[in-house]
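Just so we're clear, the structure is a prediction, and the values are computed from it rather than from any experiment. For the numbers below, each heavy atom of this structure counts, side chains included, while hydrogens, waters and symmetry mates do not. We name chains A, B, ... by the order of the sequence lines, and we start the count at 1 in each one.
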2 protein chains.
Amino acid sequence: MAAKSEQTRQLVADVALKMFREIGFEKTTMRAIAQEAGVSVGNAYYYFASKDELVQELYIQVQDEHAVVAAQALEGVQDLAGRLKAVLHTGVDVMAPYHQFGSDFIATAIRPSSPVNPFGAASTAAREASLAIFRSAVEGSPPAVAKKLRGDLPELLWLAYMGVALFWVYDQSEGQRRTRKLIDGAAPLVARGLSLAKIPGVSKVFDDVLGLVRNVKEDS
Amino acid sequence: MAAKSEQTRQLVADVALKMFREIGFEKTTMRAIAQEAGVSVGNAYYYFASKDELVQELYIQVQDEHAVVAAQALEGVQDLAGRLKAVLHTGVDVMAPYHQFGSDFIATAIRPSSPVNPFGAASTAAREASLAIFRSAVEGSPPAVAKKLRGDLPELLWLAYMGVALFWVYDQSEGQRRTRKLIDGAAPLVARGLSLAKIPGVSKVFDDVLGLVRNVKEDS
DNA sequence: ACTCATTCTTGAACACGTTCAAAAAATTTC
DNA sequence: GAAATTTTTTGAACGTGTTCAAGAATGAGT
């Protein structure tokens, strides 16, 4: 088994993530990581082709943790608003230790070329995992959501989650209180807004929105 | 008159923007700008404290142009959907020459510390100018929009515009066709969606959305 | 045990954005 | 106009992410 190799890789990743948390992204230089881990700079690059890939490591880890705690928080919660709250709040929870570093993360993640870009090909797995959380949030709430919406809803909610994450990055209130408030306010509103889809006049607009989303998504 | 000094400043800015357009952001190094402009690197830094500030220069210029062409495109258009389309399409028009460079721009702009961050203090003037465009788009369309929405609508539309810009950055279809399609589809939908505010059951949800926006915006 | 190939590790080197002490040029003061 | 002051300009230097040729360690086959 490639024990030694994997060990070095983990060591570098662990040291890097620890330093990200403790002193931030920019101050965590590749040289500092290497020194702290007791390896050469080039060796760190043997395992991670760029500093961005270390961010990807963080991204995956945070995502995994989110899946666990979200599943836990969803237990016993039935209504869509509550389930949405659970998923969003736990999402913010797992990101919390990295808040000061959030803006650098977003700046890294937002470039199409980045392995961490949430829309990109390189993070398909992570995105799927995240989408799955929202799918389970939607599927667990029995009647509230109109049939035709069920299919696209998880993806739309995930997109909204990206928006919340962006808001969170800019949120300088202590403990990111404002983000919490946004979640608490927006989740019931989304649920109520969706229930409006039953009103005839509104239903048509919903249809068109979904049509547009599908249309734009499939390029053509 | 500080002719000489201003001349150097303009020269550096012009060369930089030209290179941004022609070879992209990353390949346009400060050394290359200086060389092309016939000044020293340090001299470029005398006028622009960072490469980001050169991006800010671009941002302001694009914004100014948007104000001009949008005002032109709004002439004679009455309905909200049409006016929204006009503003959004012209917005994409003025950004077009910089599309390949868009992702770098966004990555720069998104960090809270950046002078170009659209939400930040350093770009208040530019944001106000952009907001004014949306304000005039809303105010020019007579009856369609409910009173209570008028006040906040420009800001919300501006926010949506930021979303469109983000979409545009990722849009790799030729000529950013998909973004055009998104605008054409979304503008009428927004207008129709807003007209739903008259329906009693819907109106309540709209009120709550506005309440949430205001609540979250004012921190507290 | 001895080759040979593969995997892992090293540290010097590169180009980049940025800084800064010092020089040059322009301007103001007398 | 000379001296003093301010504005502008220079280029070497720093620390950064990243690359790469070269060497060391490991493992496979005989």
Contact residues, residues 13-36 of chain A to DNA chain C [heavy atom, < 4.0 Å]: A:Arg31
Residues which pass ring-ring contact (aromatic ring centres under 6.0 Å, His included) with B:Tyr47, listed by chain and number, not counting sequence neighbours: none
Whether B:Phe119 and B:Trp158 hold their rings parallel, tilted or perpendicular, with breakpoints at 30° and 60°: perpendicular
Sugar-phosphate only, base, or nothing, as touched by B:Val41 at under 4.0 Å among non-hydrogen atoms: base
Sugar-phosphate, base or nothing in reach of B:Tyr47, heavy atoms under 4.0 Å: sugar-phosphate
Dump every N/O contact between nucleotides 21-26 of chain C and the protein below 3.5 Å, one line per pair.
none

Validation row: B:Thr8, B:Tyr46 side chains within 4.5 angstrom (heavy atoms): no
Rounded distance (Å) that lies between atom P of C:dC16 and atom OH of B:Tyr45: 12 Å
A:Lys51 NZ to D:dG15 C1', straight-line distance once rounded to whole Å: 12 Å
Distance, rounded to the nearest Å, where B:Leu11 contributes CG and D:dT8 contributes C1': 14 Å
Residue-phosphate contact under 4.0 Å: A:Ser50 side-chain N/O, D:dG17 OP1/OP2: no
N/O (side chain, A:Tyr46) to phosphate O (OP1/OP2, C:dT9) under 4.0 Å: no
Residues B:Asp52 and B:Ser50: side-chain donor-acceptor under 3.5 angstrom: no
Distance, rounded to the nearest Å, where A:Glu53 contributes CD and D:dG17 contributes C1': 14 Å
Minimum heavy-atom distance between A:Ile23 and A:Gln100, given as atom pair plus value: C-NE2, 4.2 Å
Value in whole Å for how far the P atom of D:dT26 lies from CD of A:Glu6: 17 Å
Mutual orientation of the aromatic rings belonging to B:Trp168 and B:His99 [parallel < 30°, tilted 30-60°, perpendicular > 60°]: perpendicular
Spacing of OG1 belonging to B:Thr90 relative to CG belonging to B:Leu74, to within rounding of 0.5 Å: 7.0 Å
Protein-nucleotide distance (B:Arg9, atom CZ; D:dT7, atom C1'), rounded to Å: 16 Å
B:Asn43 side chain near D:dT8 phosphate (N/O to OP1/OP2, under 4.0 Å): no
Distance, nearest 0.5 Å, that separates CE of A:Met19 from CD1 of A:Ile33: 6.5 Å
Mutual orientation of the aromatic rings belonging to B:Phe25 and B:Phe20 [parallel < 30°, tilted 30-60°, perpendicular > 60°]: tilted
